[in-house]
Every structure is written in C-alpha cells, then in structure tokens.
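See structure below.
Because only heavy atoms are used, hydrogens play no part in the values below, and waters and symmetry mates are left out as well, while side chains stay in. We name chains A, B, ... by the order of the sequence lines, and we start the count at 1 in each one.
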Amino acid sequence: MVHFNKITATYFPNIGIDDFSLRINKGEMVFLVGPSGAGKSTVLKCLYGDVNIQKGVLSLEGSDITKLSIKQIQKLRRKIGIVFQDYRLINERTVFDNISLPLRIEKKSSSQIKLRTNEALYEIGIEHLAKRFPNELSSGEQQRVSICRALVKKPVMILADEPTGNLDPEASIEIVKIFERLSELGITIVMSTHNHSLIQNTKHTIVNLHLGTRVLS
Amino acid sequence: MISSFIFLIGESFKGIWRTRVQSFSSILMIMISISLLVAGYFVYTNFNRYSDELKTSYQMEVFFNSELDSIECQDSYNKIYSFPFIKKGEYISKKRAGDIFNKQFGQDINFVFGTNPLPCSGRYDMVESFRNIDGLNEIKEKISILSGVEDIHYPSEFIIKFDNLSSDLMAGFIIGGIIFLFISIFIISNTIKMVIHARRSQLDLLILLGASNVFIKTPLILEGIFHGIIGGILAGGISILMKTILTYLFYPTISLQIISNSILLFSCLTFGVLFGMIGSIMGIGRYLEK
C-alpha cells in the first residue's frame with residue numbers, strides 16, 4: 001500500500017529523513033520510534049504531502065506522491081486521517097462540529113454528515129460528548145475526538161504524530177487500543193512515538209529512526 | 001452543494017463573531033474611509049457647482065467698426081450670434097452704449113464729447129464647452145477675421161488664473177482621492193490579515209484536512225464583504241446625517257441636494273462591498289500562496 005523508496009526529505013540542515021525506505025501493507029499498524037529530531041514527523045509529513053521530497057519515490061496505492069499537484073495533494077489529504085499531538089480541535093465548535101469538519105470539506109449533504117458523524121462518535125465511544133466543547137474535555141477525551149475526526153471520512157490510512165505525547169499512561173494505552181481496533185478493521189495506521197514503554201509488548205511493526213535514517217525494525 | 005454554501009455563509013458570520021475585535025476595526029476602517037470619501041465628494045461637487053456658476057459669467061464683448069451704420073452693426077452681431085459656440089447674446093447699439101455711459105458716470109456722453117463716439121457692440125455668452133481660456137481664444141480667432149469687427153474683449157487674465165486654480169484643485173482632488181483610496185484598501189487588507197492571523201491555526205488545520213482553496217477563501221471573502229456591508233451602511237448613515245446637518249446649517253451657500261439619500265446609501269454600500277472584497281482578497285492572497 002505504501003512504499004518509501006530511498007526517500008530524502010530535509011527541510012533544515014540535519015532535520016528530516018535521508019535515503020529512507022519502508023513498505024507498509026494495507027491494514028498494517030506501524031510504530032515509528034525514535035528520539036526528537038529522528039525524522040518521525042517527517043515520515044508522516046511525506047505521507048500527507050506537507051514536506052518537500054528531494055529524492056526517491058513514495059507511492060501510495062500505486063500513485064507517486066512526489067509528483068502530485070496541489071489539488072491532488074488536497075484530494076490525498078481527504079483520504080487520509082491525521083491525528084496530532086496537540087489535537088488541533090477548534091475550541092469554538094462543539095465536538096460534533098469538529099468531527100464533521102472533514103465531511104464539510106468533502107461537501108457531503110447535511111443528512112450524510114449527521115449520519116456519518118454519529119457513526120464515528122459511536123465507533124470511538126464518545127457519543128455522549130457530541131454537544132460539549134473541546135475545552136470542557138480532558139486531554140484523553142480531546143485526543144479521542146481528534147481520532148474520531150480522522151475516522152469520520154472512512155480513511156484508507158490514519159497518521160498519528162505523537163498522539164500520546166500529552167497524555168497520562170492510562171489514556172495513552174487507551175489511545176493505542178483504539179488504533180489497534182481500527183487497524184483490525186482494515187485501516188492502515190502509522191503512529192509516531194518516543195514512548196518505548198507504550199509499545200514494549202506490541203505485535204505490530206516497529207520502525208526505529210535515528211537522525212533521519214532507519215536503524216532497526 | 002446548497003448545504004455547503006449555507007455552511008460557508010454561516011462560517012463567515014461565526015468568523016466575524018469569533019474575531020470580533022479585528023472585525024470591529026475592519027468595519028470601523030471601512031466606515032471612516034467611505035465617510036471621508038463622501039465628504040471629499042461633497043467638497044468636490046460644491047466646488048464644481050461654484051466653478052460652473054462663475055464660468056457662466058464669462059462673457060465676450062465684440063466691438064464693431066464705428067463706421068458701420070446700425071443695420072450693418074446688427075448684421076455683424078447676428079452673424080456672430082449664429083455660430084454654434086454662442087449660447088446667447090445681447091446687442092448694444094450706439095444709443096444703448098451711451099445710456100450705459102450716462103448711468104455709470106452720471107453724465108451725458110454727448111455733453112462730454114460733443115457727440116457719441118461709442119461703437120455698437122455685442123455681448124455673448126458661450127456654450128459650456130467653450131467656457132475656458134482655450135475655447136475663448138478659439139472663438140476670438142474665428143470672430144476677429146469677420147469684416148466689421150474692431151475689437152474683442154474678455155477677462156482673459158482672470159479666466160487663466162481661475163482655470164489654472166480649478167485644474168490644480170481638480171488634480172489635487174483626483175490625486176488625493178486615489179492616494180486615499182489606496183491607503184484605505186491597504187489598511188483594510190491589513191485588518192483582514194489580522195483577522196486571518198487570529199484564525200491561523202484553524203486555517204492551517206483546514207489545509208491539512210485537504211480543504212480546497214475555494215473552501216478556505218470563500219468564508220474569508222464573504223467575511224470581508226460582510227464587513228463592507230456593515231461599514232458601508234454605517235458610512236451611509238453618517239453621510240446622510242452629515243448632509244442633513246450641513247444643508248440645515250449652510251443652505252443655500254452649500255448645497256448637498258445633488259445626490260439623493262437612497263443613491264448615497266447605495267453608493268456607500270457598493271463602496272463598502274468593494275473595499276471589503278478587495279481588502280480580503282489582498283489579505284488572504286499571500287497566506288494561501290505559502
């Protein structure tokens with residue numbers, strides 16, 4: 001499904017990835033592990049077209065991401081769910097409105113938006129939070145809302161950049177469990193973390209990064 | 001599609017409320033800019049009115065040869081009167097000229113000089129397009145070659161000075177107006193940039209979620225237009241008030257009846273929409289280019 005073939009993407013001296021290769025299958029769950037500045041976020045940014053790739057080929061479902069136009073990148077982003085460390089929720093909107101935003105972008109009808117958003121809320125188990133505002137929620141709840149927003153558009157892949165970075169251990173485990181469940185449903189998950197304890201006993205793929213290169217799988 | 005459009009309109013209204021401080025300054029700027037433009041327009045139109053009124057007093061006096069008899073004088077007068085650049089005229093016979101002398105100097109000209117030496121003449125008003133120094137000089141050239149014409153008088157020095165003054169003032173109004181228009185749009189676009197800056201994280205999120213440029217730009221442009229509508233209506237209100245007070249205080253010295261209240265309000269609204277739209281397009285242009 002995803003193939004990084006000798007990708008080099010650097011945006012500041014010594015930040016980014018260099019000659020990076022990786023193959024990810026559909027429905028696979030991959031953890032990108034490494035210290036800060038190792039290139040974890042760059043790998044994710046390459047996948048949603050937010051960084052300039054200087055060398056190599058990056059294919060997603062057969063098409064080369066490095067050759068996409070801005071409009072094609074916008075379309076690509078609509079197929080991918082992104083979860084951020086800082087959740088990036090809009091505090092002035094309710095949880096329901098935050099989650100339905102990707103569907104608004106896809107110009108879905110009001111009835112479709114209502115149906116699909118309620119489905120996503122139910123899938124993540126936060127339907128009781130629908131009418132609340134993000135700043136009324138705990139960190140763990142906010143991150144679950146963020147995952148729900150990524151899930152609502154039925155993405156082929158979810159990219160999570162340090163999603164447990166601001167969470168306590170219990171909430172972090174809960175988030176990883178949600179991702180595992182989504183992976184079992186056939187959604188490819190790529191998650192970056194520097195929390196080794198979180199993935200100690202995982203059966204999923206671990207990609208170790210150090211200074212922009214893959215060091216161990 | 002309709003629900004998407006309704007959503008975008010709703011977003012722009014919510015945007016105004018979310019960034020109310022910046023929106024307020026944008027609306028205020030639009031209101032001030034348009035009110036000042038209207039004030040400038042009032043000054044310009046009143047100056048124009050005075051200038052036009054003054055120009056109607058531009059008259060050309062043509063003196064005919066003293067050897068012509070009254071019938072030949074009348075013929076020469078009529079020949080000039082028939083030119084298309086003459087609007088109206090007044091024939092002054094020798095006798096009438098003598099009467100004018102008597103009235104002005106309080107003495108009988110026949111008694112002073114023993115005879116009436118004054119020639120017969122014609123006083124002419126020109127059509128509007130010839131009420132300037134170039135037009136008058138052109139007329140003079142055409143008339144002076146006619147037989148029987150002795151001399152042609154008009155207040156050329158005053159006309160030159162007044163023409164220069166009015167063209168300088170007009171140029172000043174136009175240049176000042178254009179500069180002011182650019183400054184207004186610049187300030188409005190910067191205010192919209194502040195609105196965008198206040199919502200930067202939200203716009204960045206939309207970009208990462210794959211929103212198209214149209215989806216991101218539309219609410220911002222609509223927001224600029226709404227700022228313009230509100231600012232335009234307020235400026236219209238201020239202008240109507242300004243017009244009413246000035247008319248009450250200074251009528252008929254200052255006449256602001258040239259433009260009706262409904263046209264004034266509509267013009268302010270149109271300017272507001274234009275200012276808001278241009279300002280927001282300029283404000284968001286560079287942001288999305290990044």
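Side chains of A/Leu101 and B/Leu206 form a contact here, defined as non-hydrogen atoms less than 4.5 Å apart. Within the 4.5 Å cutoff, the side chain of A/Lys71 has no heavy atoms near those of the B/Asn213 side chain.
B/Phe215 contributes atom CZ, which lies 11.5 Å from atom CD of A/Gln74 (distance to the nearest 0.5 angstrom). Expressed to the nearest 0.5 Å, how far CD1 of A/Ile105 lies from OG of B/Ser212 amounts to 8.5 Å.
Within the 3.5 Å criterion, the main-chain N or O of B/Ala211 finds no donor-acceptor partner in the side chain of A/Arg77.
A 6.0 Å sphere centred on CD1 of A/Ile70 holds no more than 12 heavy atoms belonging to other residues, nucleotides or ligands. Counting non-hydrogen atoms of other residues, nucleotides and ligands closer than 6.0 Å to CD of A/Glu180 gives a total above 12. Around CZ of A/Arg23, the count of heavy atoms belonging to other residues, nucleotides or ligands within 6.0 Å does not exceed 12. The 12-atom threshold is exceeded at CZ of B/Phe130, counting heavy atoms of other residues, nucleotides or ligands nearer than 6.0 Å.
Of all the listed residues (A/Arg78, A/Glu106, A/Arg104), the one sharing the greatest number of non-hydrogen pairs under 4.5 Å with chain B is A/Arg104.
Only the side chain of B/Leu205 comes within contact range of chain A, judged by heavy atoms closer than 4.5 Å.
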- Test side-chain contact (heavy atoms from CB on, under 4.5 Å) applied to B/Arg199 and A/Glu92, step by step: CA-CA 11 Å; B/Arg199 250 183 289 154; A/Glu92 297 84 7; over 6 Å; no

